[in-house]
There are 2 protein chains.
Amino acid sequence: MTYNSKDLYQVKEKMYVATDCIIFGFHEGKLKLLVFKRRVEPLKGEWSLIGSFVRLDEDLEYAGQRVLRETTGLENVFMQQLKSYGKKDRDPGYRCISIAQYALIRIDDYDEELVEQHGAHWYEIDHLPLLILDHNEMVHDALLQLKQNARYKPIGFELLPEKFTIPQLQALYEAIYQRELDARNFRKKVLSLNVLEKLDEKDKSTSKRGAFLYKFNYENYQKLLKSGYNFEIA
Amino acid sequence: MTYNSKDLYQVKEKMYVATDCIIFGFHEGKLKLLVFKRRVEPLKGEWSLIGSFVRLDEDLEYAGQRVLRETTGLENVFMQQLKSYGKKDRDPGYRCISIAQYALIRIDDYDEELVEQHGAHWYEIDHLPLLILDHNEMVHDALLQLKQNARYKPIGFELLPEKFTIPQLQALYEAIYQRELDARNFRKKVLSLNVLEKLDEKDKSTSKRGAFLYKFNYENYQKLLKSGYNFEIA
DNA sequence: ATAATAAACGTAAATAATACATTTATTGTT
DNA sequence: AACAATAAATGTATTATTTACGTTTATTAT
């Protein structure tokens, strides 16, 4: 959390702009966060969010996507700006403003090996290690925003595979809200929104009977939005 | 909106960080925005949000407060971060990332003269002029966020004088949501939240009977939040 | 054929949101 | 002193939404 040798400190005569990525994933009923172990000084060996300076010739959004690509191999990930962190002493080494962006990824999609090669690790959201600088604060803020957004936008779907069952969707919302939901009411509510398309397939990995798979229908969602409806789950 | 002479263009070899302020006020039943006419090149004479580069030795939040102080004379204004704007070509002159912050001010408090001296002007929110760069986009985003926030947080109160009547509060919400609300239901709802303190004074400026003045009770609001209640008006 | 299991379904009660009409306090006018 | 005018203040019935809760069903393994 702090630099422990003074010689790392340098005179702050230049403004740096960085972006840090808060990467959420959902796996086995748990909401997880991707963090990585710094391999360079300063703060080598400590846990940190994945970030980078924003280059002069790239859009801010692009910088986030680049960081993700470089660290996970994933392209075109759902990503959204969270907030800028700009306390003058937030980084003892540089005068650096960091724009945090959070990403939701389909954890089944990606290559676990690849991520581990980059020194990254998935932590359960309620068992995070101490992160450098203000990164724990960033995660806290991101989780808050995820909760809020999940209430009104269907971003939860970004965390699930394309085909998913209703019990899976419920587990995701339970993980995000960190409370249990009633299965009957949840199903009723989510189906009443008319944005789920029932498929002819079942997922039988969790029960003998099997649960029908659904996929998200963006068109209907757009209609729903235009009709002024609040997409509010749970 | 565009630079019209090429010699203004300079090589982008440095990253600048600016902050732009979206300043909302409420006056005579209308939601208003404070904009000002640029007095320096480039884009001299065009309407613009009020902004500044963030200095190396100041917090980002402080930069916003400084800008407000310099342009309106107001201190300790309610201000909240909106979003960072970071397209690589958003400013044709510099490679500049701007962190937009929006402010809510009690329009009766401040000195109209002072503001006018700074070349600023209050525009009604739905009759804005064309602003430079991506400033209209910023305003659009800020208004959206104001609408959302006003639904769950009592930030609306920041726009009113300390003492206000319920009809005034309703007019404010109508201006923010840009739709009419039912007076009986509004009153019922807002009073049921138990965050308004009725005073023994009346405001008689708009009717012979006069309307009772209220003030906002932050303590009760805190309790309300802790009890998990949604502060949802209208 | 049976046991076991998660998935799927429905209804009643409680709560919240909406729609809508009348009375009241006060002032200025006659 | 009575009256007209005006916005403020109040209540109730209807509808929609949310919550609480128990039973049946499809499938597989034994």
Q) Whole-Å distance between C:dG28 C1' and B:Lys204 NZ? A) 13 Å
Q.
Does D:dA8 have its OP1 or OP2 closer than 4.0 Å to a side-chain nitrogen or oxygen of B:Thr206?
A. yes
Q) B:Asp203 has an atom CG; how far is it from atom P of D:dA7, in whole Å? A) 13 Å
Q) Could you give the CG-to-P distance, from B:Asn185 to D:dT15, as a whole number of Å? A) 16 Å
(Q) I'd like to know if the side chain of B:His135 reaches the main chain of B:Leu49, judged simply by a donor and an acceptor atom lying under 3.5 Å from each other, with no hydrogens or angles considered. (A) yes
Q: Evaluate the ring planes of B:Trp47 and B:His121, with Trp represented by its six-membered ring, and classify them as parallel (under 30°), tilted (30 to 60°) or perpendicular (over 60°).
A: tilted
Q. Whole-Å distance between C:dA8 C1' and A:Leu196 CG?
A. 15 Å
Q) Do any side-chain nitrogens or oxygens of B:Arg187 fall under 4.0 Å of OP1 or OP2 in D:dA9? A) yes
(Q) Side chains of A:Asn149 and A:Tyr102: any donor to acceptor distance under 3.5 Å? (A) yes
(Q) So, does B:Lys189 get its side chain near the phosphate of C:dA17, meaning an N or O under 4.0 Å from OP1 or OP2? (A) yes
Q: Output yes when at least one side-chain N/O atom of B:Lys202 is less than 4.0 Å from OP1 or OP2 of C:dT26, else no.
A: yes
Q: Enter the distance from B:Met138:CE to B:Ser98:OG here, rounded to the nearest 0.5 Å.
A: 4.0 Å
